[in-house]
Amino acid sequence: MLPPFATSADLRIGRELTEAEQQQADRLLADASHLIRMTAGYQQITRVDNETVTLRGSYSLVLKLPQRPVRDVTTVAGLSADYWKWDGGDRLIRRDGRAWDGPVTVTYSHGFDPDDIAYQVAVSVACDAVKRVLLNPELVKQRALDDYSETLADARASLLMGEQDTIRAAFGVASWGVTS
C-alpha cells in the first residue's frame, strides 16, 4: 500500500489535535491520497525506484510505461540495451525494428520526490480535504442566525472540483467530461 502524502502534523489547523483527531486525520489523509491518485489517472505519484512490472506488448515499436514521470529504465528482461531505448519520457522504443509482443518485463524508476512541486501540490490538496472534515466534524452545510447566513464547503474528505482540476493539471491528466 502506498503511503499518504501528508501526516496529521502537516495539517496546520492552528491548534493541537487530540489523539482521536490525529488518528482520524491519518485515516482521512490516506483516503484523500487515494482519491488524488485516482484523479491523477491512477498514478502512484510517490517515487518508486527499480520497480519491476510486466506489461502487455503493444504490437508496435513503441511501448508506453504506465507510471509517470519515468526517472530511469534499468532493464528490459531478455533484451540487451542494444535492442531498445528509452525516449526520456514514458516510452520504450525497439531499435531492432521488431514489435513489442507478448509479456514485457521492465524494471524502471518513476514518480516524484517529496520536495518536487507536483508532490507538494498533492500534499496541499490532501491537507485541505482533511481540514474540511476536522474543522466541521458535524458536516454542517449551512447555518444561519438572524440575518447572518453561512454556506460551508462540502466537509467530506473528498476533492472539490477545483482541487480535481489542480491535480489533473499537476500530473498531466486530461480532464473528463464535455469540452467546448
Side-chain angles (χ1 to χ4, degrees), residues 1-55 62-76 85-93 104-137 152-177 179:
M1 168 126 41
L2 293 167
F5 296 119
T7 66
S8 58
D10 297 316
L11 292 172
R12 294 185 223 121
I13 62 170
R15 64 175 174 80
E16 292 291 318
L17 297 176
T18 67
E19 186 175 326
E21 287 175 324
Q22 283 181 341
Q23 291 174 357
Q24 179 188 25
D26 289 338
R27 283 191 309 273
L28 291 170
L29 284 163
D31 292 346
S33 297
H34 295 314
L35 289 171
I36 289 167
R37 288 182 175 106
M38 183 181 73
T39 302
Y42 295 96
Q43 293 298 300
Q44 292 178 4
I45 299 170
T46 305
R47 178 142 184 181
V48 178
D49 288 318
N50 297 313
E51 180 176 26
T52 300
V53 295
T54 300
L55 307 171
V62 177
L63 183 66
K64 189 170 180 178
L65 297 168
Q67 295 293 320
R68 299 177 309 273
V70 176
R71 300 287 188 136
D72 185 39
V73 178
T74 310
T75 62
V76 176
K85 85 173 180 178
W86 170 46
D87 73 350
D90 61 358
R91 291 178 170 83
L92 291 177
I93 301 165
V104 180
T105 302
V106 178
T107 301
Y108 74 118
S109 299
H110 57 82
F112 294 92
D113 291 321
D115 58 342
D116 289 334
I117 291 171
Y119 192 95
Q120 289 301 310
V121 167
V123 170
S124 178
V125 170
C127 287
D128 287 348
V130 172
K131 282 192 264 189
R132 285 193 295 276
V133 175
L134 292 177
L135 297 174
N136 184 7
L152 304 171
D154 187 345
R156 295 171 295 148
S158 59
L159 303 182
L160 301 176
M161 291 302 293
E163 292 168 336
Q164 291 176 24
D165 292 342
T166 297
I167 291 299
R168 288 184 187 117
F171 299 105
V173 178
S175 182
W176 296 298
T179 58

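Start at 1 with the first residue, then count along the sequence.
- Looking only at distances, a side-chain donor or acceptor of Y108 sits under 3.5 Å from a matching main-chain atom of Q67.
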Less than 3.5 Å apart, which donor and acceptor atoms pair up between the side chains of residues 117-128 and the rest of the protein, not counting sequence neighbours?
unit_1: Q120; atom_1: NE2; unit_2: P114; atom_2: O; d: 2.4

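- Note: Q164 CD to L160 CG = 8.0 Å, rounded to the nearest 0.5 Å.
- A heavy-atom distance below 4.5 Å is found between the side chains of L28 and Q24.
- With rounding to the nearest 0.5 Å, the separation of CG in D10 from NZ in K131 is 10.0 Å.
- Considering only heavy atoms from C-beta on, V70 stays 4.5 Å or farther from S109 through its side chain.
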Would you sort out whether T52 and T105 count as a side chain to side chain contact (heavy atoms under 4.5 Å, CB included), showing the intermediate values?
-> CA-CA 7 Å; T52 300; T105 302; 3.5 Å; yes

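- Looking at T107, its side chain never comes within 3.5 Å of a backbone N or O of N50 through a donor-acceptor pair.
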Side chain to side chain contact (heavy atoms under 4.5 Å, CB included) between L92 and V76: does it pass, once the steps are laid out?
-> CA-CA 9 Å; L92 291 177; V76 176; 3.9 Å; yes

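- For D116, the salt bridge (Lys or Arg N to Asp or Glu O under 4.0 Å) partners at least two apart in sequence or on another chain are R71.
- A 4.5 Å side-chain heavy-atom check between L65 and V73 finds at least one atom pair inside the cut-off.
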Quick one: do L11 and L29 satisfy side chain to side chain contact (heavy atoms under 4.5 Å, CB included)? Show the steps, please.
-> CA-CA 10 Å; L11 292 172; L29 284 163; 4.3 Å; yes

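- Note that the OG atom of S33 and the CE atom of M38 stand 12.5 Å from one another [nearest 0.5 Å].
- Ion pair D49/R47 flagged as a salt bridge, since at least one NZ, NE, NH1 or NH2 atom sits closer than 4.0 Å to an Asp/Glu carboxylate oxygen.
- Looking at T46 and F5, their side chains come closer than 4.5 Å, going by heavy atoms from C-beta outward.
- Under 4.0 Å is where a charged nitrogen must lie from a carboxylate oxygen, and between R168 and E163 no such pair does.
- With a 4.5 Å cut-off on side-chain heavy atoms, I36 and L159 count as touching.
- Between the side chain of Q44 and the backbone N or O of R37, no donor-acceptor pair lies under 3.5 Å.
- Closest heavy-atom contact between A129 and A32: CB-CB, 4.3 Å.
- The stretch residues 21-30 participates, sequence neighbours left out, in these salt bridge (charged side-chain N to carboxylate O under 4.0 Å, His left out) pairs: R15-E21.
- The OG1 atom of T166 sits 10.5 Å away from atom CZ of F171, with the distance rounded to the nearest 0.5 Å.
- Under 4.0 Å is where a charged nitrogen must lie from a carboxylate oxygen, and between R68 and D90 no such pair does.
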